[in-house]
Peer 1: 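One structure, as C-alpha cells, below. Some questions next.
Fair warning: this is a prediction, and the values are worked out from it, not measured in the lab. Counting begins at 1 with the first residue of the sequence.
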Amino acid sequence: MAVFSSDLIIDSKTQTFSDKEKKIKLDGGVKVKLDNLTVESDRADVTIRRNNKLDTATFYDKPYAYEVNENKKREVKANILKVSLINKVVRAEGEAQSIITEGNTPIVVINADTQEYDTQIEQMRANGSVIVHYQDMVAYGDKAIVDVSKKGDVKKMQLIGNAKINQKENKAYADRFVYTASNQEIVSIGNTYSKMIMDNGKQIEVWAQYQQYNKPANTILASNKVTIYYDDYKAYGPKVTVFPSKVTNKFNKIVFLGRAKIVEKNRSIDADKIIITMEPKNFTALGNVKTIITNIDDIKNDN
C-alpha cells in the first residue's frame, strides 16, 4: 500500500515505477480511494507530471467506480476509466454506464459512449448514444448533462440533440429538453413535438418551437408556431395551454390565445381565442370570429 497524500490511497498486488514513461503501473486487485470515490480494476497506471505530482489514474479491463453518501450510491462502469487526481474528474470511455441508487433501488441509469463526472461540482456529462432511465421516463439524446446534489439527488437534467422522451404511451421530441426536479417541470426547446394518449383512446398531438410541461399541475404551455391535432380538429395559433379537468385531473381543455384558427372537415374558423373541450367534444371561438366553409356546392349535393 502506498499513501501519496492525505486523500489518496492506492492498493494493489504489485506496483512498479517507470521513470522513462513517468508512470506508476499497478497490477492485480487494484483499488484506489480518493476522498469518497473508490475505483477498482485488475490493471491501472498513474501518470506523473514533471514536478513529480500525480496527474491521471487510468484503469483498464472494465473497471468499476463508486461513491457512497448516506443511503445513496453512485456507480460508474466502462471499458476504461480515467480519474484526474488534480481536478477530481472521472471519465468513462466505451460502453459507459452510471447508476444512482437509493437503498437497493436504481433512481437514474445513464448509458452512453463516454461520460464525465466532476466530483467537485457534482455534475455528469454524457456524450454519444445517450439513454437515460429516470422514474417512469426513458430519454434519448446525443448529449446529456445531469446535476446532482451532495446527497445524490437529481437537481437538473438536460438532453441535447435529437432528444426524445418516452413515458408509457406518451412521447415527446425536441432539440433540447431541460428537466428541473424541484418543480417537476420539463421544458422542450426547438422543433418540439409531443403526443399524449387519452383514456378514450384518442390522442393529442402538439407541435411548437417551445413547450413546457408541469407534472403537479398537469398542464402544457406551448408557444411559437403551435399546431395541435385532436380527433378531427386541427388548430393553429401563437400560444396555447392544455388544462386538465378539475374532477379527473386529466387533459380536457385546450385554450388558444392570440389570433388562432381551427379547421374541422370543410370549415375553418379564425378568432382571437379558441377553446376546445375534449369530453364532451366541442369548441368555442371568441373575438372577431370569421368562418369559411369550402365546397358549399358539394355539401348541398350530399344533403
Side-chain angles (χ1 to χ4, degrees), residues 102 107-108 132-141 144-149 153-160 163-231 233-258 260 262 271-286:
E102 184 172 5
I107 300 172
V108 184
V132 180
H133 294 261
Y134 178 66
Q135 296 179 350
D136 59 347
M137 298 185 296
V138 182
Y140 306 83
I145 302 172
V146 182
D147 294 286
V148 296
S149 68
D153 297 312
V154 174
K155 295 194 299 183
K156 185 177 180 180
M157 179 162 42
Q158 300 180 64
L159 288 162
I160 304 164
K164 178 173 69 172
I165 294 176
N166 292 341
Q167 192 172 24
K168 297 179 181 179
E169 294 181 325
N170 301 329
K171 300 181 183 297
Y173 302 86
D175 294 337
R176 182 188 188 107
F177 288 110
V178 180
Y179 169 76
T180 307
S182 59
N183 56 8
Q184 298 185 60
E185 191 170 82
I186 300 175
V187 173
S188 313
I189 303 168
N191 300 306
T192 73
Y193 167 77
S194 57
K195 181 179 75 173
M196 290 72 67
I197 307 298
M198 309 291 291
D199 288 343
N200 59 12
K202 296 178 182 179
Q203 63 186 35
I204 309 170
E205 294 180 276
V206 183
W207 279 266
Q209 288 302 307
Y210 176 91
Q211 294 190 48
Q212 179 180 326
Y213 172 64
N214 184 278
K215 187 175 182 180
N218 197 28
T219 57
I220 297 173
L221 301 176
S223 60
N224 196 350
K225 300 179 181 179
V226 181
T227 300
I228 286 185
Y229 283 90
Y230 175 70
D231 201 11
Y233 290 162
K234 181 179 181 180
Y236 315 81
K239 186 176 181 180
V240 71
T241 305
V242 183
F243 293 99
S245 163
K246 292 182 179 179
V247 177
T248 65
N249 198 37
K250 296 182 179 180
F251 293 133
N252 196 51
K253 185 179 290 186
I254 303 169
V255 179
F256 277 89
L257 297 177
I262 184 168
D272 295 334
K273 183 177 182 180
I274 293 176
I275 304 171
I276 301 172
T277 303
M278 300 171 204
E279 292 294 338
K281 181 190 164 194
N282 62 66
F283 72 86
T284 302
L286 303 169

Peer 1: Run the salt bridge (Lys or Arg N to Asp or Glu O under 4.0 Å) test against D272 and tell me which residues pass, sequence neighbours left out.
Peer 2: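 Residues passing salt bridge (Lys or Arg N to Asp or Glu O under 4.0 Å) with D272: R259.
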Peer 1: For K225, does the NZ atom have more than 12 heavy-atom neighbours from other residues, nucleotides or ligands under 6.0 Å away?
Peer 2: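 At most 12 heavy atoms, drawn from other residues, nucleotides or ligands, come within 6.0 Å of this atom.
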Peer 1: For N252 and E279, which I'm curious about, is there any donor-acceptor pair between the side chains at under 3.5 Å?
Peer 2: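 Distance-only check fails for N252 and E279.
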Peer 1: Are any non-hydrogen side-chain atoms of F256 and I262 less than 4.5 angstrom apart?
Peer 2: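 No, every pair of side-chain atoms sits at 4.5 Å or beyond.
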Peer 1: Does any N or O in the side chain of D147 come within less than 3.5 Å of the main-chain N or O of K155, such that one atom is a donor and the other an acceptor?
Peer 2: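 No.
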Peer 1: Could you tell me whether the side chain of D175 reaches within less than 4.5 Å of the side chain of I189, counting heavy atoms only?
Peer 2: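 No, too far: nothing below the 4.5 Å cut-off.
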Peer 1: Give, for atom CD of E169 and atom CE of M196, the distance between the pair rounded to the nearest 0.5 Å.
Peer 2: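 Output value for this atom pair is 13.0 Å.
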Peer 1: I need the minimum non-hydrogen distance between K253 and M278, along with the two atoms involved.
Peer 2: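 Closest approach of K253 to M278, heavy atoms only: N-CE, 3.9 Å.
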Peer 1: Could you walk me through whether E205 and Y230 pass side-chain contact (heavy atoms from CB on, under 4.5 Å), step by step?
Peer 2: CA-CA 7 Å; E205 294 180 276; Y230 175 70; over 6 Å; no
Peer 1: Name the atoms and distances for all side-chain donor-acceptor pairs under 3.5 Å in residues 234-245, with sequence neighbours left out.
Peer 2:
from	atom 1	to	atom 2	distance (Å)
K234	NZ	Y229	OH	2.8
K234	NZ	Y236	OH	3.0
S245	OG	V247	N	3.1
S245	OG	T248	N	3.3

Peer 1: Can you tell me how far the OG atom of S188 sits from the CG atom of L221, to the nearest 0.5 Å?
Peer 2: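 Between S188 OG and L221 CG, I get 11.5 Å after rounding to 0.5 Å.
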Peer 1: Donor-acceptor pair, distance only, cut-off 3.5 Å: does the side chain of T192 make one with the backbone of A174?
Peer 2: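 Pair absent, no side-chain N/O of T192 close to backbone of A174.
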Peer 1: Enter the distance from I145:CD1 to I160:CD1 here, rounded to the nearest 0.5 Å.
Peer 2: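 Between I145 CD1 and I160 CD1, I get 4.0 Å after rounding to 0.5 Å.
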Peer 1: Quick one: pull up CD1 in I197 and NZ in K195 and give me the separation to the nearest 0.5 Å.
Peer 2: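 Here the rounded value is 5.0 Å.
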Peer 1: With rounding to the nearest 0.5 Å, note down the distance linking CZ in F177 to CD1 in I186.
Peer 2: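 Taking CZ in F177 and CD1 in I186, the distance rounds to 7.5 Å.
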Peer 1: What is the minimum heavy-atom distance between N214 and N183, and which atoms define it?
Peer 2: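 What the structure gives for the nearest pair is ND2-O, 3.7 Å.
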Peer 1: Looking at every non-hydrogen atom in both residues, tell me the closest pair between I274 and A271 and how far apart they are.
Peer 2: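 So the two residues come closest at CG1-CB, 4.0 Å.
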Peer 1: With the side chain counted from C-beta on, respond yes when V146 and V108 share a heavy-atom pair under 4.5 Å apart, and no when they do not.
Peer 2: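 Answer no - side chains too far apart.
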Peer 1: Mind running side-chain contact (heavy atoms from CB on, under 4.5 Å) on Y210 and V226 for me, showing each step along the way?
Peer 2: CA-CA 9 Å; Y210 176 91; V226 181; over 6 Å; no
Peer 1: What verdict does the side-chain contact (heavy atoms from CB on, under 4.5 Å) test give for I254 and Y233, after you've listed the backbone C-alpha separation in whole Å, the side-chain angles of each residue and the deciding distance to 0.1 Å?
Peer 2: CA-CA 11 Å; I254 303 169; Y233 290 162; over 6 Å; no
Peer 1: Within a 6.0 Å radius of atom NZ on K250, are there more than 12 heavy atoms belonging to other residues, nucleotides or ligands?
Peer 2: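 Atom NZ in K250 is not packed in, count stays at 12 or less.
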Peer 1: Side-chain donor-acceptor pair under 3.5 Å between Q211 and Y213, yes or no?
Peer 2: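 Per modelled atom types, Q211 and Y213 side chains form no pair under 3.5 Å.
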Peer 1: With heavy-atom distances below 4.5 Å as the criterion, would you say the side chains of F251 and N218 are in contact?
Peer 2: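 The answer is yes, as the side chains (C-beta and beyond) meet within the 4.5 Å cut-off.
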Peer 1: Please report the interatomic distance CG(D231) to NZ(K202), rounded to the nearest 0.5 Å.
Peer 2: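 Answer rounded to 0.5 Å: 4.0 Å.
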Peer 1: Which heavy atom of A222 sits nearest to which heavy atom of V206, and what is that distance?
Peer 2: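 Heavy atoms only, the tightest pair is CB-CG1, 4.1 Å.
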Peer 1: Which heavy atom of I107 sits nearest to which heavy atom of Y134, and what is that distance?
Peer 2: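 Minimum heavy-atom contact is O-CD1, 3.6 Å.
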Peer 1: For N166 and K164, indicate whether the former's side chain and the latter's backbone hold a donor-acceptor pair under 3.5 Å.
Peer 2: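 Here the side-chain-to-backbone pair does not exist.
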Peer 1: Counting only N and O atoms by type, is there a donor-acceptor contact under 3.5 Å from the side chain of N224 to the main-chain atoms of A208?
Peer 2: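 No: the side chain of N224 does not pair with the backbone of A208.
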